[in-house]
Amino acid sequence: MQTMRAPRLRFAPSPTGYLHVGGARTALFNWALARRLGGTFILRIEDTDRQRSEQVYVEAILDAMRWLGLDWDEGPDVGGAAGPYFQMERLDLYRRAAEDLLARNLAYRCICPAREDAETSSPVTCSCAARTVSASEGGALRFRTPAEGQVTFLDLIHGDMSFPCADLEDFVLLKADGVPTYNFAAVVDDAGMQITHVVRGDDHLSNTPKQVLIYQALGYETPAFAHIPMILGPDRKRLSKRHGAVSIQQFREDGYLPEALTNYLARLGWAHGDMELFDLEELVAVFSLEGVGKAPAVFDYDKLAWAQAAWLKRLPPQELRDRLLPWFEAAGLPVAVDEPARLEALIQTLVPRSVTLDDLVRQARFYFDVPLDWDEEASGKVLVSAVVPILRALAERLATLADWSPAPIEDAFRTLASELGIKAGAVIQPARVALTGRTASPGMFEVAALLGRDLTLKRLEASLSKVTEGVLQG
RNA sequence: GGCCCCAUGGUCUAGCGGUUAGGACAUCGCCCUUUCAAGGCGGUAACACGGGUUCGAAUCCCGUUGGGGCUACCA
């Protein structure tokens, strides 16, 4: 029956916080399935929790969605573009549906006080269970759950589900202030928006029978459900801030690529054979709910880092350079915009040594004509007086080198070493510390070439005086 | 407590009755090498347990254990 309807999916976050990885993955699966099926993807903001919902979170969520590359298709016209739907702008819909249920005696008003001890394990019995409470006005509206029978529905991941009505209480549809609860608003909207596939977290599985009851009471066809496994922390508890970064915004600020995030997230709870590295387009080409597992997945920061490093290498050099530009500026490094090729080249020397963009830019510092970030301990060991004649000789040769490029530079280093009867490393390592301030760096000849003759000689001189002063002092 | 879901190496997973149980991350070793990485090659490491069903179970069924979720006028 669902097959006759055009596929329509949605992601329905509530703006009570930033978009976290769990929500992002739910959004990703919905988006990927919608695209795969050639259907429609809708974004709906579930802002019915007036206490916790905030506008900044709405903006942050939209921002994160766009950054990840998850675009939505429809919604109220917002300056020419399709904005998301907001439940607080649709209160009439829920009230009308509520009145319908009330009129047909499928719901009733309840004036018993709100129960406050939800945390205690012992169930609180509401006097409404007697189903005789009624008040012409005020109070909350409760659904009249059938005393007997089974609620059944299809879950594309878990199979046919069946719950006894007797286990379900008379849940609230409308709060006393007229605002709908999650279960009610979600159903009215999913039905009204003709959603065909409800893909959401496993934590909603227990809510589904209640929702199916509402669909039936309202006379709507039920969609197919797909409850995807939760994402846990290393301690197998629900993933939260205490486990580390969890919001998409945080990962973005830390310098992760959206490609790495969507790639890694897709592989949490979903697999397609041995496929590990892929972009959104490649994901859409093969995505299916059949590949989604049932067991909860532990978020692995190490594997995310691996995916990130892999994407750093996968991105076209030019593209990576463009994305890095703002990071260089933020770091206060004097990027010469008229030397895009040089920038691109120096970035590439750092790609195999970096994970995040922030990480890469930090390591790029020595390539610029700014004070060196000296690793004093290392330089103290390497830049000793014995090294002075070596670096002095090296500087002389480099000063007159005809062609300033890696191969001739390497030749100069090696020739000098053999003439002095020492190992190449005995020249290279002191030079490395002199040019970069540390003992670990990209290839020395590439570094010198990118640094340019002037800066190279300047750094060599600076090191020589540094050693001399050190000797005088020591 | 009640109800529900889940269970392959440390982690993400492939497997959909017959496989030397495959891949990836991590880890260990070797190679490459001017350092650090990256890369290449190789190693250690898993079917939670107990019963069935079957000629044959990681695969199907039932228990046990373990983990997760729901049980709000939160979503």
Side-chain angles (χ1 to χ4, degrees), chain A residues 12-16 46-53 87 110 112-124 139-142 155 157-158 161 163-164 166-169 171-183 185-186 200-210 227 229-230 232 234 236-238 264 267-277 290-291 293-307 309-310 313 349-354 363 378 382 410 413-414 417 423-429 431-433 436 438-445:
Chain A
S14 54
T16 53
E46 308 212 320
D47 52 356
T48 56
D49 184 338
R50 298 158 102 175
Q51 261 68 44
R52 299 194 298 147
S53 293
Q87 289 188 321
C110 166
C112 56
R115 286 168 286 179
E116 294 166 0
D117 50 346
E119 299 85 52
T120 65
S121 53
S122 61
V124 179
L141 188 73
R142 281 184 189 276
D155 187 294
I157 292 169
H158 297 278
M161 305 297 298
F163 293 77
D167 290 339
L168 273 24
E169 59 170 4
F171 51 93
V172 172
L173 262 20
L174 285 187
K175 305 172 205 169
D177 62 1
V179 175
T181 58
Y182 160 72
N183 283 128
R200 79 227 309 192
D202 245 352
D203 49 340
H204 288 305
L205 192 54
S206 300
N207 281 318
T208 308
K210 296 177 193 167
H227 290 95
M230 310 258 76
L232 312 177
R236 297 220 149 252
K237 299 290 181 197
R238 204 178 187 132
Y264 175 66
R267 285 288 291 103
L268 265 190
W270 175 84
H272 182 71
D274 290 341
M275 200 186 244
E276 291 284 355
L277 252 23
E290 282 174 41
K294 298 177 180 177
V298 173
F299 193 88
D300 184 354
Y301 289 89
D302 282 341
K303 189 155 185 181
L304 200 217
W306 167 78
K313 299 180 187 89
T349 68
L350 295 169
V351 162
R353 293 158 237 270
S354 312
Q363 296 188 73
V382 177
E410 173 165 11
F413 270 79
R414 294 197 187 284
K423 287 196 286 189
V427 179
I428 293 169
Q429 205 54 3
R432 184 188 315 284
V433 175
T436 70
R438 22 209 60 208
T439 52
S441 82
M444 192 70 302
F445 318 125

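In the text below, chain A, chain B and the rest are named by the order of the sequence lines, each starting its count at 1.
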* Taking the six-membered ring for Trp, are A:Phe445 and A:Phe413 parallel (under 30°), tilted (30 to 60°) or perpendicular (over 60°)? -> perpendicular
* Ignoring hydrogens and angles, does a donor from either the side chain of A:Asp203 or the base of B:rA75 sit under 3.5 Å from an acceptor on the other? -> no
* Asked: Looking at B:rC73, B:rA38, B:rU35, which one has an atom nearest to any side-chain atom of A:Lys175?
  -> B:rC73
* **B:rG63 and B:rU44, which share atom name C1', separated by this distance in whole Å** => 35 Å
* Consider the side chain of A:Ala297, meaning its heavy atoms from C-beta on, and name the nucleotide among B:rC74, B:rG39, B:rC12 that approaches it most closely. => B:rC12
* In whole angstrom, give me the gap between the P atoms of B:rG10 and B:rC47. => 9 Å
* Roughly how far apart, to the nearest Å, are B:rU8 and B:rG15 at atom P? -> 14 Å
* Side chain of A:Ser206 only, please: which of B:rG69, B:rU13, B:rC6 is the nearest? => B:rG69
* Look at the side chain of A:Ser441 and decide which nucleotide, out of B:rC5, B:rA24, B:rU35, has an atom nearest to it. => B:rU35
* Asked: Out of B:rA24, B:rC73, B:rU34, which nucleotide sits closest to the side chain of A:Arg142?
  -> B:rC73
* To do: Would you mind classifying the nucleic acid contact of A:Gly293 as base, sugar-phosphate or nothing, using non-hydrogen atoms under 4.0 angstrom?
  => nothing
* Asked: Under a 3.5 Å cut-off for both distances, is B:rG39 Watson-Crick or wobble paired, and to whom?
  -> B:rC31
* A:Thr181, nearest nucleotide to its side chain (from B:rC36, B:rA75, B:rU13) -> B:rA75
* Taking the C1' atom of each, how far is B:rA46 from B:rU19, in whole Å? -> 15 Å
* To do: Output the single nucleotide from B:rC12, B:rA38, B:rA26 whose closest atom is nearest the side chain of A:Val298.
  => B:rC12
* **Pairwise C1' distance, B:rC16 and B:rC32 [rounded to whole Å]** => 43 Å
* To do: Take atom C1' in B:rA7 and the same atom in B:rA58, then report the distance between them in whole Å.
  => 12 Å
* To do: Provide the Watson-Crick or G-U wobble partner of B:rC25, both distances under 3.5 Å; none if there is no partner.
  => B:rG10
* Taking the P atom of each, how far is B:rC62 from B:rC5, in whole Å? -> 11 Å
* For the side chain of A:Ala295, starting at C-beta, report the closest nucleotide among B:rU34, B:rC6, B:rG69. => B:rC6
